[in-house]
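Quick note on labels: first sequence line is chain A, next is B, and so on, each numbered from 1.
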There are 2 protein chains.
Amino acid sequence: LCGSIVYSMFTEPLQLEAASIAERDTLAKRESGINLTSPMRLRMESFIKALQQEIVVALETLDPSQRFRIDTWTRPNGGGGISCVLQGGKVFEKAGVNTSIVYGTLPRPAIAKMRVNHKALDPDVESIEFFAAGISCVLHPQNPNAPTVHFNYRYFETMDAQGNCNAWWFGGGTDLTPSYLFDEDAIHFHRTIKEACDKHDRDYYPRFKKWCDKYFYIPHRGESRGIGGIFFDDLDEEEKDQEQLFSFVKDCLTAFLPSYMPLIQKRKDMPFTEKEKEWQQLRRGRYVEFNLVHDRGTSFGLNTPGARVESILMSLPLTARWIYMHDADRGSREERLLNVLKEPVEWV
Amino acid sequence: LCGSIVYSMFTEPLQLEAASIAERDTLAKRESGINLTSPMRLRMESFIKALQQEIVVALETLDPSQRFRIDTWTRPNGGGGISCVLQGGKVFEKAGVNTSIVYGTLPRPAIAKMRVNHKALDPDVESIEFFAAGISCVLHPQNPNAPTVHFNYRYFETMDAQGNCNAWWFGGGTDLTPSYLFDEDAIHFHRTIKEACDKHDRDYYPRFKKWCDKYFYIPHRGESRGIGGIFFDDLDEEEKDQEQLFSFVKDCLTAFLPSYMPLIQKRKDMPFTEKEKEWQQLRRGRYVEFNLVHDRGTSFGLNTPGARVESILMSLPLTARWIYMHDADRGSREERLLNVLKEPVEWV
């Protein structure tokens, strides 16, 4: 048997040379599975897919009458994605958990742009192979007292023709967008994230919290999308080694359910008025404004040829509203939220 | 009396020199009114403000129980605007008619950008004075059988320090966005615009119709925002002389009420189902996508420091909806619309 494999390897060299990195990765996964010695791209892919399942199962326990719809698709040049979406449920107006795996080729201008943050990239080549694995999640609850939440974590690497990693980095973040502010919820969310960060570096939480406040800012409204969380990008070997950063990202991801489940459990069945529902719809309008006007991830996605638009725009709420010249009453809960959105708070 | 004015003019030269173009224009309007010999910027301003009133009055006749809210504001360096908005009415979910007048200074990079289309601009100056006058209107009806309509016409000029016009151009357009397609409505709308165009140049309608189809295209959806109309920009002396173009723009503007009023009158009281209302909401979602992701006017506005955001975003509907993986039934009215949005039709 062993001999026959060797034989096949040596008599079909052309086919082997022609195999893409994606095909070779598929083969490697099938033959050896994923373990600690596997390339980081396979370990990240394996981790986020398992976590996606875990999150979907956890969210389904909140409303057993409703199941996520699952769509999978493949990309012609390797990779693909899994979209899990639930809409019009009792607990969630819309909930989406996506993973996507991309094998592709970066053209020269894209390389030049990325070199700003990653000097390891060779500026002299015409094109370079890349891999990206990401998981993202947006949950828009029905109850206006329950906050919208979002996270996205991703791993990116460039490779030589043999699939050996060249440059690599991690990015990601999570943030909470309440329509009505409960301080205890904000504190719980931030504390959970901070604990995940602190295990790796005491500077991470303050640094990435500030980065988050800056990223999720809507300049034309003069307010933040929500009450923040953490955000980071381009973390590579200049920050920490690959194992350490992977471990950090895994802990951030693992902190998601503990950071959010207690909030949705506490708020999903609270009574609310028509007027509170309308306020939630207005805040959803702002969410749409941020995502369509400012979010770099969304605009990158929409500008990627062949991207799956339905998965990118699953982040938009089921419903949104724009009222001309809406004013919050003085001293109201609505005004309280607006004040916090104008001036980010240190919650922990 | 005459002597005393001359005296004042000659003894206060510093004050006169310091008067901005906006101040001098205000003075000219007060002293001489607007006539055929007035600078084009004052004639355009006067025309669009009168038309704004006329449109507001005409729209109010459709639902006498509801009045437009009128907000006026001034800009610190000259100019200002009038926003007329009606929301939550019986006929219109949201209706806005805006005029705005801007006096400002273009920095060098902006001049370089504009020179692509207007060689008359001096590339060697550090900055240049400009004036812009525009009127825009977006009407989102309640009834899903009644189409959303939009128009925007504008005049732009640059001036020397004395207020003498340097470069100038007109831009504008109008387009119809039905949720359900009535061929007779599309034909009436396009025919009315075509007649306005044909009075000036038989090439205008086909040229500007094509430009419109191209402009109101949503690449990430592979469909147009609606069934088009006309669109043009940068029409200057290389196209026709200033009087001819002003006359053309006036005729386009005057054609608006005849192009739209018969449609809204015919559709506003038609019966409709919950499902048809939901489809309208989905189409509104696409409208939001176009305006926030692709519309150059909106993004220019949102990036202008000190712009009045509420007036810019008055174009957004009161309500919108995003359903993941929504499919139109085969052979349905919804599918019919989608097919037309994918492949623009020649209506006249």
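Within a 6.0 Å radius of NZ in Lys90(B), no more than 12 heavy atoms belonging to other residues, nucleotides or ligands are found. Within a 6.0 Å sphere centred on NZ of Lys277(B), heavy atoms belonging to other residues, nucleotides or ligands number more than 12. Within a 6.0 Å sphere centred on CD of Gln53(B), heavy atoms belonging to other residues, nucleotides or ligands number 12 at most.
Proximity to chain B among residues 91-99 of chain A is limited to Lys94(A), judged by heavy-atom separations below 4.5 angstrom. Along residues 132-154 of chain B, no residue comes nearer than 4.5 angstrom to chain A, judged on non-hydrogen atoms. Contact residues of residues 315-334 of chain A toward chain B are Leu316(A), Pro317(A), Leu318(A), Thr319(A), Ala320(A), Arg321(A), Trp322(A), Ile323(A), Tyr324(A), Met325(A) (heavy-atom distance under 4.5 Å). The interface of residues 288-298 of chain B with chain A, defined by heavy-atom distances below 4.5 Å, comprises Val288(B), Glu289(B), Leu292(B), Val293(B).
Residue with the most contacts toward chain B among Met314(A), Arg284(A), Gln87(A), Gln281(A): Gln87(A) (heavy-atom pairs, distance under 4.5 Å).
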Under the criterion side-chain contact (heavy atoms from CB on, under 4.5 Å), I'd like the reasoning laid out for Asn303(B) against His220(A): C-alpha separation, chi angles, the key distance, then a yes or no.
CA-CA 7 Å; Asn303(B) 288 310; His220(A) 66 265; over 6 Å; no
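Here the side chains of Leu302(B) and Arg221(A) are not in contact, with every heavy-atom distance at 4.5 Å or above.
For chain A, no part of Ile312(B) is nearby; none of its heavy atoms comes within less than 4.5 Å.
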